[in-house]
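Since the structure comes first, as structure tokens, the remarks are kept for the end.
Throughout, a chain's letter reflects where its sequence line sits, starting with A, and its residues are numbered from 1.
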Amino acid sequence: MSPVSSLRRLPRRDLPVGAITMARFLIGKTLVRELPEGRIAGRIVETEAYLPYDKACHAFNGMTKRNHSLFLPPGHAYVYFIYGNYFMLNVSAGKAGVGAAVLFRALEPLAGEQLMKRGRSHVAEKNLARGPGRLAAALRVTMKQDGLDLCAGGPLWLAHAVRPVGRIGRGVRIGITKDADRRLRFYERGNPFVSGPKSLNA
DNA sequence: AGTGCGATTGACT
DNA sequence: GTCAATCGCACTA
């Protein structure tokens, strides 16, 4: 029996509250995308925490039209568009009304690799969901998924781990300029599906 | 109404 | 290793 045929939903009561604990907690867990063509599943191997009062967090200047999903109760999708090309998928991580989130940065593909590849046939399997832009592309996440409840077992949902998580590494977040020295990036050590240069992933 | 810029990526030297 | 592409939004006026 394939591991993804017995995925168990993560109920909201199992989610920790707070971006740092959530970011750690999610390493090794499973992210599932249901499409008409079938299921995509990946093991979460890299995350970043964005905190209240964190200058790099989109909530820093208060609630706006773009970021309101950040303020939903824990477990809701916050999706935004950046660099004119890419969607970033996050999960809200603070109590209702508190703007905090965890960015999904990389997945280890578990199922639906062919669906992830669709339209990107040249992408190596290792890179299918390695990096937040590619992850969202692989899962076909766009603004349509903004605000979805990832604990509801809908088109995009969180599930328990399919195997034990390894040692978790921690380092600075990638690609940001404000509050750039805070070590809020988490990843499974030694996992080849983690993004970023090898030097950051020891 | 105009401006600046970003939680990235892939192409290129 | 460097660097341009690309556009919605927040901010200023």
Side-chain angles (χ1 to χ4, degrees), chain A residues 18-27 31 42 44-72 74-94 98-109 116-148 150 156 168-188 192-201:
Chain A
I20 294 178
T21 46
M22 179 86 85
R24 274 191 97 92
F25 169 84
L26 288 175
I27 300 293
L31 184 59
I44 299 163
V45 296
E46 182 184 0
T47 59
E48 281 177 359
Y50 289 84
L51 316 179
Y53 308 111
D54 166 5
K55 295 198 203 69
C57 181
H58 289 172
F60 188 73
N61 292 312
M63 199 182 304
T64 66
K65 181 177 192 172
R66 174 165 69 189
N67 70 12
H68 70 275
S69 298
L70 262 176
F71 298 82
L72 293 171
H76 289 80
Y78 165 52
V79 183
Y80 66 92
F81 182 65
I82 195 166
Y83 297 124
N85 277 302
Y86 304 104
F87 296 98
M88 302 282 111
L89 173 63
N90 303 252
V91 58
S92 59
V98 174
V102 171
L103 170 70
F104 294 109
R105 286 197 58 93
L107 299 179
E108 170 185 337
M116 293 193 192
K117 262 181 204 161
R118 186 118 144 219
R120 305 186 304 155
S121 53
H122 57 292
V123 180
E125 171 164 341
K126 190 185 76 160
N127 295 330
L128 276 176
R130 183 170 174 269
R134 289 185 287 222
L135 184 155
L139 268 49
R140 300 206 222 148
V141 166
T142 67
M143 294 315 293
K144 289 193 178 112
Q145 282 70 45
D146 185 41
L148 273 183
L150 303 188
L156 186 62
I168 294 177
R170 179 172 185 173
V172 296
R173 293 174 292 186
I174 293 178
I176 61 165
T177 54
K178 303 172 219 163
D179 275 342
D181 51 347
R182 305 179 74 164
R183 298 174 65 242
L184 296 175
R185 173 172 170 264
F186 299 86
Y187 55 92
E188 184 176 40
F193 298 94
V194 173
S195 79
K198 231 178 187 171
S199 59
L200 287 182
N201 298 332

Distance under 6.0 Å and angle within 45° of ring axis: A:Arg173 vs A:Tyr50: yes
Whole-Å distance separating the CZ atom of A:Phe81 from the P atom of B:dT9: 13 Å
Whole angstrom value for the distance that separates P of B:dT8 from CG of A:Leu89: 14 Å
Spacing of A:Tyr83 atom OH relative to B:dT8 atom C1', expressed in whole Å: 6 Å
Nearest-Å distance for atom pair CD1/C1', residues A:Ile174 and B:dT9: 13 Å
Interatomic distance, A:Asn61 CG vs C:dA10 P [rounded to whole Å]: 10 Å
Parallel, tilted or perpendicular, as decided by the 30° and 60° cut-offs, for the rings of A:His58 and A:Tyr80: perpendicular
Side-chain donor/acceptor of A:Tyr80 to base of B:dA7, under 3.5 Å: yes
Any A:Arg105 side-chain N or O less than 4.0 Å from OP1/OP2 of B:dT8: yes
Watson-Crick or G-U pairs under 3.5 Å in DNA chain B, rendered as dot-bracket with [ ] for crossing pairs and | for another strand: ||||||.|||||.
Whole angstrom value for the distance that separates P of B:dG10 from CG of A:Leu128: 11 Å
Closest nucleotide among B:dA7, C:dC7, C:dA5 to the A:Asn85 side chain: C:dA5
Touch class at under 4.0 angstrom, heavy-atom based, for A:Arg173 against every strand present: nothing
Side-chain heavy-atom pair A:Leu70, A:His68 within 4.5 angstrom cut-off: no
Close side-chain approach of A:Leu128 to A:Lys117, heavy-atom, < 4.5 Å: yes
Side chain proximity check, A:Leu139 to A:Leu107, heavy atoms < 4.5 angstrom: yes
Among C:dA10, B:dG10, B:dG6, the one nearest A:Thr177 by side-chain distance: B:dG6
Between C1' of B:dG4 and NZ of A:Lys178, the distance in whole Å: 12 Å
Note, A:Thr47 side chain near A:Met22 side chain (heavy atom, < 4.5 Å): no
A:Glu48 CD - B:dG6 C1' separation (whole Å): 14 Å
Closest to the A:Pro132 side chain, choosing from B:dT9, B:dG10, C:dC7: B:dT9
